[in-house]
Chemist: 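Shown below is the structure under consideration.
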Amino acid sequence: MNNDLYAVVGHPISHSKSPRIHSLFASETGEALEYTAIQAPLDDFAGTVQQFFERGGKGLNVTVPFKEQAWRLADQRTGRAEKAGAANTLFQDDQGLLAADNTDGCGLVRDLTVNQGIRLKDARVLVLGAGGAVRGVLGPLLAEAPASLIIANRTVAKADGLVKLFADEAAGCQLAACGFEQAKGPFDLIINGTSASLQGDLPPLPATVIRDGTAVYDMMYSLQTTTFNQWALDRGANRVMDGLGMLVEQAAESFRIWRGVTPNTSAVMDVLRND
């Protein structure tokens, strides 16, 4: 009997850890599946998706730059995907319709609360950036009922657009937007949702956003301390975390959606840290 087929689609894709993660999940849970990486042409993501499911594929993860296209391509979306405006998980429902979900936000929240032991309820949270990565996680973050969530971005109007979009999910939470320089601290948790750290750049934040006890989470992951996390440590942050846990947890949620089985993520994270 052939194994069920899954894949991650992106451009570029050779760097993706998803095939390694899902093969580890499969080994751990005893699920019979094959998971590969597909580099889709920039001008034919839809064709790539169609071909994959036509040849019997069961599910796709989607990464940059195709998450918004995946969202538009879907016949139906979960509530969290609908609000995120992007999808990272695709599958066909019982009627053969293309369904989309977004597991990024729940992956981030699970890593923060379960793996890292961070309490989001009543916390003062600063989120940096207002692009797709941030939009994808705001709903699950707000569901944890922080006291305040401030979105700081170079272009304040873009951050303000997210505040308006998620206002109905911010019951009891002060949800506001500002420029990087205007971020008033201190905060309990700072989440970097910009990609600037990978290029060695830093958003122009005042040092006052950090106090003794501030936790800092960079959604990017790296074998070394990211530029942003090093900046935070130098200014007295209590602890810093990168996005590897988020990557593994969002993958575990995709795996659960497809297979109905939730893998144990801690062993997988240990393996990836030591690869």
Side-chain angles (χ1 to χ4, degrees), residues 2-23 33-93 95-105 107-108 129-139 153-155 157-159 161-162 165 193-201 219-222 243 246-248 250-251 253-255 257-258:
N2 291 332
N3 289 347
D4 289 343
L5 297 176
Y6 298 87
V8 58
V9 182
H11 189 117
I13 200 62
S14 60
H15 66 286
S16 175
K17 293 185 183 293
S18 293
R20 178 91 168 113
I21 291 169
H22 283 274
S23 68
L33 60 88
E34 179 183 338
Y35 190 110
T36 61
I38 301 171
Q39 180 159 301
L42 290 173
D43 60 353
D44 196 22
F45 171 73
T48 301
V49 172
Q50 183 178 350
Q51 289 168 19
F52 176 80
F53 285 108
E54 281 179 351
R55 69 172 192 265
K58 298 293 186 182
L60 284 173
N61 283 132
V62 182
T63 188
V64 292
F66 299 124
K67 289 185 181 183
E68 288 80 10
Q69 286 188 53
W71 185 88
R72 291 194 296 270
L73 196 61
D75 299 307
Q76 55 189 37
R77 312 175 187 103
T78 63
R80 61 190 178 188
E82 188 68 53
K83 206 62 175 280
N88 73 338
T89 305
L90 295 175
F91 56 96
Q92 287 183 319
D93 69 6
Q95 283 75 47
L97 297 174
L98 187 65
D101 204 341
N102 189 314
T103 67
D104 286 332
L108 170 62
V134 168
R135 180 173 170 175
V137 303
L138 282 178
N153 193 51
R154 202 173 304 278
T155 307
K158 197 170 181 187
L162 291 182
L165 183 63
T194 76
S195 58
S197 192
L198 291 181
Q199 284 81 51
D201 295 332
M219 284 167 64
M220 304 300 122
Y221 62 90
S222 171
M246 174 182 173
L247 179 73
V248 175
Q250 63 81 25
E253 177 67 1
S254 292
F255 194 92
I257 290 166
W258 294 329

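Side chains included, hydrogens not; waters and symmetry mates left out as well; all remaining heavy atoms used.
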Chemist: Which residues pass the salt bridge (Lys or Arg N to Asp or Glu O under 4.0 Å) test with Lys83, not counting sequence neighbours?
Modeler: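 Residues passing salt bridge (Lys or Arg N to Asp or Glu O under 4.0 Å) with Lys83: Asp168, Glu169.
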Chemist: With sequence neighbours left out, write down each residue that passes side-chain hydrogen bond (donor to acceptor under 3.5 Å, both in side chains) with Gln92, or none if nothing qualifies.
Modeler: none
Chemist: Can you list everything that forms a side chain to side chain contact (heavy atoms under 4.5 Å, CB included) with Gln39? Sequence neighbours excluded, please.
Modeler: His11, Pro12, Ile13
Chemist: List the residues meeting side chain to side chain contact (heavy atoms under 4.5 Å, CB included) with Thr36, not counting sequence neighbours, and say none if there are none.
Modeler: Ala7, Glu34, Ile38
Chemist: Kindly write out the residues that satisfy side-chain hydrogen bond (donor to acceptor under 3.5 Å, both in side chains) with Glu54, not counting sequence neighbours, or none if the list is empty.
Modeler: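 Only Gln50 meet the side-chain hydrogen bond (donor to acceptor under 3.5 Å, both in side chains) criterion with Glu54.
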Chemist: For Thr78, check side chain to side chain contact (heavy atoms under 4.5 Å, CB included) against everything at least two apart and list the hits.
Modeler: Arg80, Ala81, Asp101
Chemist: If a pair satisfies salt bridge (charged side-chain N to carboxylate O under 4.0 Å, His left out) and one of its residues is in residues 64-78, list it, with sequence neighbours excluded.
Modeler: Lys67-Asp104, Arg77-Glu82
Chemist: Got a sec, which residues hit ring pair (Phe, Tyr, Trp, His ring centres under 6.0 Å) with Tyr35, two or more places apart in sequence or on another chain?
Modeler: His22
Chemist: Kindly write out the residues that satisfy side-chain hydrogen bond (donor to acceptor under 3.5 Å, both in side chains) with Asp43, not counting sequence neighbours, or none if the list is empty.
Modeler: none
Chemist: For Tyr221, give me all partners under ring pair (Phe, Tyr, Trp, His ring centres under 6.0 Å), at least two apart in sequence or on another chain.
Modeler: none
Chemist: Can you sort out the partners of Trp71 under ring pair (Phe, Tyr, Trp, His ring centres under 6.0 Å), two or more places apart, ordered by chain and number?
Modeler: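 For Trp71 there are no ring pair (Phe, Tyr, Trp, His ring centres under 6.0 Å) partners, ignoring immediate neighbours.
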Chemist: So, using side chain to side chain contact (heavy atoms under 4.5 Å, CB included) as the criterion, who are the partners of Lys58 when residues are at least two apart?
Modeler: Asp4, Tyr6
